[in-house]
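Here is the structure we will look at, set down as structure tokens.
Residue numbers start from 1 in every chain, and the chains themselves are labelled A, B, ... in the order their sequence lines are given, proteins ahead of strands.
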Amino acid sequence: MKAHHWFIVMFCCAAPLHGQATLDKLDDLTRFNSEALGLHADLSFMTDATLFAAEQPEQGLLSTDDRVFFAPRLMTFLDVQLGDRITLHGQMRVDRGFDPGAARGGQVRLDEYYLQARLWRKDEVNVRIGKFATAFGSWSRRSLSWDNPLITAPMAYEDMLPVSDALVPGGLAGFAARRDMPDNKAEWLPILWGPSYATGVSLFGRVDLLEYAFEVKNASISSNPQSWDGVQDGFHTNPTFTGRVGLRPAPEWSFGTSFSHGPYLRESAAALLPAGTSVNDFTQTTWGLDAGYAHGKWQIWSELIAARFEVPRAGGVEVLSGFIETKYKLTADLWAALRWNQAAFGDVPGLTTEWDRNAWRADLALGYRVSERVQVKLQYSMGDKRGNDAEGHHLGAMQLTVRF
Amino acid sequence: MKQPLLGFFLIGLRTVMAGGAVEGSLSVDAMKPAPSRPGYVAPQTKAPVQKAEAAPAIVYLEREDEKYPRTRMGEKVSIRQSGYQFRPAMVAIQTGAKVEFPNLDDEFHNVFSYSKAKRFDLGRFRKDEASPPVLFDKPGVVKIYCEIHQHMRCFVVVLDTPWFVTTDGAGRFSLKNIPPGEYWLRVFQPSEKLLQERVTVTEGQTTKVNLSR
């Protein structure tokens, strides 16, 4: 049986899950609560069965040369609450790579783990230490399949740029030539790599209408998932400083501004750098604006992100990327979502050509909640990089999510 | 058509005018603990999340012929969202009644249910903004949640019978003006467990029931 046939089997299994008594029982069995000890522990699970059908070469962070690719994923979450101040969280995943196809044979990873403490009476000051999602922007908070109205991430979080954390260009011409090459998904970087589960410490909180988060981590927000685990891999470069300040002037509105600054090259690139420079001299500086609106059946999010990468032997290159995304609940259980993504690139230093092709992509999705534990989504994406046929224009995807 | 209407009228009249009573007590258990939300997606709230109220049990009488006067359809029921909790956490209504969900918090709530007896989603609405009353037109247990604050839960128990009450803080209950006859006394506990016992209601008398064991 081919891999994607499993998806059809799982999809057919969704109907009986509507009753969900078994899932409810499983959920109950994996919870522990003791008022006397002030301890609440919850082991919960989420499974995704995602089927991608992409025109080759495929868009975004999907890595496959198959016309149809099946990406199953099991996520296990452990949440422990000690009293009303201390929280422990862990997230383990079994899948075919952090990004679909990155590890075709299968992989088990501890993607997230942290200890969090509430230092102040309410939520004014909290501290978190460990490996966790970035505070930059607003998309990370809805990056899990259950919360994401679509299946894929916005383009800024997954579209590969011809800038690398390991491949150091030999000169300006070599760097400029990358714009005409197909995306090198093993070596290139996006502006932000998904939720960027890098390792570090964060101070965050909320004071009335204001919310804030400042974090210091071992890797830049664009860094490859292989660079995220500071415990396993250590801290080899200067840290990356990231922060976000948000404002909620009314329940409907949220606004935020984010920044991030830090080196993006891996230590392994040091030997290839110009004499007298180190990986810490080549930084990624990113600034972002995010805005959200929600009322009734509507939810709208948008982000505008400007990033500058200092590239060895090429100089500073800039990109501006943004998206606007909306979700509308057609009925109690059915929604439609639309996302418009656009990216514009600055010139290669000293030349009059952009360092990558300006691009756009439209993502359209329909989602259906079978129950509070089962969800199905369909997505179609159409995109184009101006004048460049090195990337497929179309992608279809279907995703079944079950949580318990 | 006239005869059934007359029948219902007479049953209703008997309910108001006379009947027996059922009183008793039981050990009310607790709702299952709310599931955690994976880490960082748990929203920070503007004000502290207050403790949920202890949910009562629902005690109701049903009979074999399943013919009931529709005397409580017009009752106005309100489930508030206050301190990031549903209050009360458990209500019973008769089939055909409507429930309002006023938001008393300074932030959005998004009340929804995917239960078989009622699927609805009110969307995001703010404090003091009128949310449309929800009609519960099928009997069954409706589990209600807030999409934004996952710890928030409540039950609406939709019953065809009009003879239902919620227990008090000590687990006591009293059902009055019940037409004489044979009934199933059923209890829906906050833990979703169901207890039941046969009872006989006699005109002018009170039947005592003890479900505390």
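- When the side chain to side chain donor-acceptor pair (under 3.5 Å) test is applied to B/Lys138, no partner is found at least two apart in sequence or on another chain.
- Panel note: side chain A/Lys329, backbone B/Leu122; no donor-acceptor pair is recorded below 3.5 Å.
- The CD atom of A/Gln375 sits 8.0 Å away from atom OH of B/Tyr114, with the distance rounded to the nearest 0.5 Å.
- Around atom CH2 of B/Trp184, more than 12 heavy atoms belonging to other residues, nucleotides or ligands sit under 6.0 Å away.
- Only the side chain of B/Asn110 comes within contact range of chain A, judged by heavy atoms closer than 4.5 Å.
- Between A/Glu35 and B/Lys51, none of the side-chain N atoms (NZ, or NE/NH1/NH2) sits under 4.0 Å from a carboxylate O, so this pair counts as no salt bridge.
- With a threshold of 4.5 angstrom between heavy atoms, A/Leu78 does not approach chain B through any atom at all.
- Heavy atoms closer than 4.5 Å to chain B are found in both the backbone and the side chain of A/Glu252.
- From A/Gln299, atom CD reaches atom CD of B/Glu147 across 6.0 Å, with rounding to the nearest 0.5 Å.
- Heavy-atom pairs under 4.5 Å with chain B peak, among A/Gly296, A/Ala294, A/Ala250, at A/Gly296.
- No other option in B/Ser113, B/Gly123, B/Ser115, B/Ser131 has as many heavy-atom pairs under 4.5 Å with chain A as B/Gly123.
- For B/Lys98, the NZ atom is loosely surrounded, since the number of other residues' heavy atoms within 6.0 Å does not exceed 12.
- Under a 4.0 Å N-O distance rule, the pair B/Arg153/A/Glu372 does not qualify as a salt bridge.
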Please report, to 0.1 Å, the donor-acceptor pairs under 3.5 Å made by any side chain of residues 330-337 of chain A, with sequence neighbours excluded.
residue	atom	partner	partner atom	Å
A/Thr331	OG1	A/Asp333	N	3.3
A/Thr331	OG1	A/Asp333	OD1	3.0
A/Thr331	OG1	A/Leu334	N	3.1
A/Asp333	OD2	B/Arg119	NE	2.6
A/Asp333	OD2	B/Arg119	NH2	2.9
A/Trp335	NE1	A/Pro149	O	3.1

